[in-house]
Amino acid sequence: MSRPELVAPPEIYYGDIEAKKYTNNTRVQQIQADMTYRALELLNLPQDEPAFLLDIGCGSGLSGEILDEEGYNWVGVDIAPSMLEVALEREVEGDLFLHDIGQGFGFRPGSFDGAISISVIQWLLNAETSHPTSSPPHRLTRFFTTLHSALRNPSRAVLQFYPTSDDQIQLITSIAQKAGFGGGVVVDYPNSKKAKKVFLCLFVGSGGAQQVPKGLDGEEVDGDSQAQFEKRREKFSSRGKNGRRKNIKDKDWILKKKELYRQRGKEGVPRDSKYTARKRRPVF
């Protein structure tokens, strides 16, 4: 799959600025990384096998960078051109598509080994227009039906979202089940107002034999709970598929990636120079 050409008109330059501010916010980066690692834990992919993943609402590629580091190939879709522009500037490895997920997906059946989404699907609950086909149930139905088709059998999709009520959770879950998914809701830290996170863990295939994972428990994600989470994250993320600790994004790694892109015929690959792999100062 080739990357789309994204040309931003002058009226959305302000959106580009806001997208860069969002991406460079260290707190946003930390939250996004934590939830992506947790989504991958719930996805429960085989340890020593490659996987092709779909990142739904990929934004500027913060979660995609985690997928890169874990050695997965991925495709990202997002509705915001400004966020995808930032992802292209940051040279994430995934293929990027400008797309409204409420319209459903057009991928070949069984294309992906799994899917993740961070803080996105609650936006499907907003009606775009007064037309019946723009209602939340219609958009959710198109989303889940085509997502189910795009995933191989068996596989999982893990979708983190922010519901405002139990009714929203029930609506989303029921439409996902009607589309053919098994699974259910996983709630981490249910007794904490700050740390509570809701994940929709969906299964394709396996005859319904898979059980919904248990959520993380505790009042807060600090002290011992935070230490345990960081220890688990380090164990999960610091080693590659061969069990060796990875050295991510050093100069050799970047040079190899550029050469790979040139061999694939990608246009606009930056030239190698003495500045390659130097850390960039934040724009803001």
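Quantities reported herein were computed from a predicted structural model and do not represent experimental measurements.
With D188 contributing its side chain and L216 its backbone, the two residues share a donor-acceptor pair below 3.5 Å. R90 contributes a side-chain N or O that, together with a main-chain N or O of S60, makes up a donor-acceptor pair within less than 3.5 Å. Judged purely by atom type and a 3.5 angstrom limit, T36 has no side-chain atom pairing as donor or acceptor with the backbone of S63. Here the side chain of T141 pairs a donor or acceptor atom with the backbone of P137 at under 3.5 angstrom. Under the 3.5 Å distance criterion, the side-chain polar atoms of Q122 are left unmatched by any main-chain donor or acceptor of P163.
Residues L88 and V86 do not share a hydrophobic cluster, clusters being chains of Ile/Leu/Val/Met/Phe/Trp/Tyr side chains in contact below 4.5 Å. Linking Ile, Leu, Val, Met, Phe, Trp and Tyr residues whenever their side-chain heavy atoms come within less than 4.5 Å leaves W123 and V77 in two separate clusters. When hydrophobic clusters are built by joining Ile, Leu, Val, Met, Phe, Trp and Tyr residues whose side-chain heavy atoms come closer than 4.5 Å, directly or via intermediates, V75 is not grouped with I79. In the hydrophobic cluster analysis, where Ile, Leu, Val, Met, Phe, Trp and Tyr join through side-chain heavy atoms closer than 4.5 angstrom, L124 is grouped together with I169. In the hydrophobic clustering of ILVMFWY residues, with side-chain heavy atoms under 4.5 Å counting as a link, Y37 and I116 come out together.
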Please step through salt bridge (Lys or Arg N to Asp or Glu O under 4.0 Å) for the pair D100 and R139, ending with a clear verdict. CA-CA 10 Å; D100 176 6; R139 289 172 62 79; 3.0 Å; yes

Using the rule given for side-chain hydrogen bond (donor to acceptor under 3.5 Å, both in side chains), can you reason through D34 versus Q30, listing the C-alpha separation, both sets of side-chain angles and the distance that settles it, and then say yes or no? CA-CA 6 Å; D34 289 344; Q30 184 64 52; 2.9 Å; yes

Side chain to side chain contact (heavy atoms under 4.5 Å, CB included) between R156 and L202: does it pass, once the steps are laid out? CA-CA 6 Å; R156 290 186 183 188; L202 300 176; over 6 Å; no

Would V120 and L159 satisfy side chain to side chain contact (heavy atoms under 4.5 Å, CB included), going step by step from the backbone distance to the final call? CA-CA 8 Å; V120 171; L159 316 173; over 6 Å; no

From CA spacing to verdict: side chain to side chain contact (heavy atoms under 4.5 Å, CB included), F161, L200: CA-CA 8 Å; F161 67 111; L200 188 60; 4.0 Å; yes

Walk me through whether L96 and C58 qualify under side chain to side chain contact (heavy atoms under 4.5 Å, CB included). CA-CA 8 Å; L96 306 175; C58 62; 4.1 Å; yes

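Note that CG of D78 and CE of M83 are 6.5 Å apart. Values are rounded to the nearest 0.5 Å. Atoms CG and OG, from L53 and S111 in turn, are 12.5 Å apart once rounded to the nearest 0.5 Å. Once rounded to the nearest 0.5 Å, the distance linking CD of Q29 with CD1 of I66 reads 10.0 Å. Here the straight-line distance linking atom OH of Y72 with atom CD of E49 works out to 10.0 Å at 0.5 Å rounding. S117 contributes atom OG, which lies 6.0 Å from atom CD1 of I101 (distance to the nearest 0.5 angstrom). The CD atom of Q32 sits 9.5 Å away from the OG1 atom of T23 when rounded to the nearest 0.5 Å.
Not a single ring-ring contact (aromatic ring centres under 6.0 Å, His included) links F199 to another residue, sequence neighbours left out. Residues that satisfy the side chain to side chain donor-acceptor pair (under 3.5 Å) test with S119, not counting sequence neighbours, are Q160. Remark: N153 engages no residue in a side chain to side chain donor-acceptor pair (under 3.5 Å) (not counting sequence neighbours). Under the rule for a ring-ring contact (aromatic ring centres under 6.0 Å, His included), F144 has no partner lying at least two apart in sequence or in another chain.
The distance between the ring centers of F107 and F112 falls below 6.0 angstrom.
Pairing each heavy atom of F203 with each of Q211, the nearest pair is CZ-O, 3.5 Å. In this structure, D68 and G94 approach most closely via the heavy-atom pair OD1-N, 4.4 Å. What you find for V186 and P213 is that their closest heavy atoms are CG2-O, 3.4 Å. Nearest heavy atoms, P190 versus D217: CD-OD1, 4.2 Å. Counting all heavy atoms, side chain and backbone alike, A157 lies closest to L147 at CB-CD2, 4.3 Å. Residues G59 and A87 share a closest heavy-atom pair of O-CB, 3.8 Å.
There is no side-chain donor-acceptor pair under 3.5 Å between D95 and W74. For the residue pair S135 and H138, a side-chain donor N or O sits within less than 3.5 Å of a side-chain acceptor on the partner.
Pairs passing the side chain to side chain donor-acceptor pair (under 3.5 Å) check and including a residue from residues 168-180, sequence neighbours excluded, read T164-Q168. For residues 109-119, the pairs satisfying salt bridge (Lys or Arg N to Asp or Glu O under 4.0 Å) are D113-R152, with sequence neighbours left out.
Aromatic ring pairs are classed by plane angle as parallel below 30°, tilted from 30° to 60° and perpendicular above 60°; the pair F105 and H99 is tilted.
Enclosure of atom CG in N126 by more than 12 non-hydrogen atoms of other residues, nucleotides or ligands within 6.0 angstrom is indicated.
No side-chain heavy atom of R38 sits less than 4.5 Å from a side-chain heavy atom of K197. No side-chain heavy atom of V185 sits under 4.5 Å from any side-chain heavy atom of V212.
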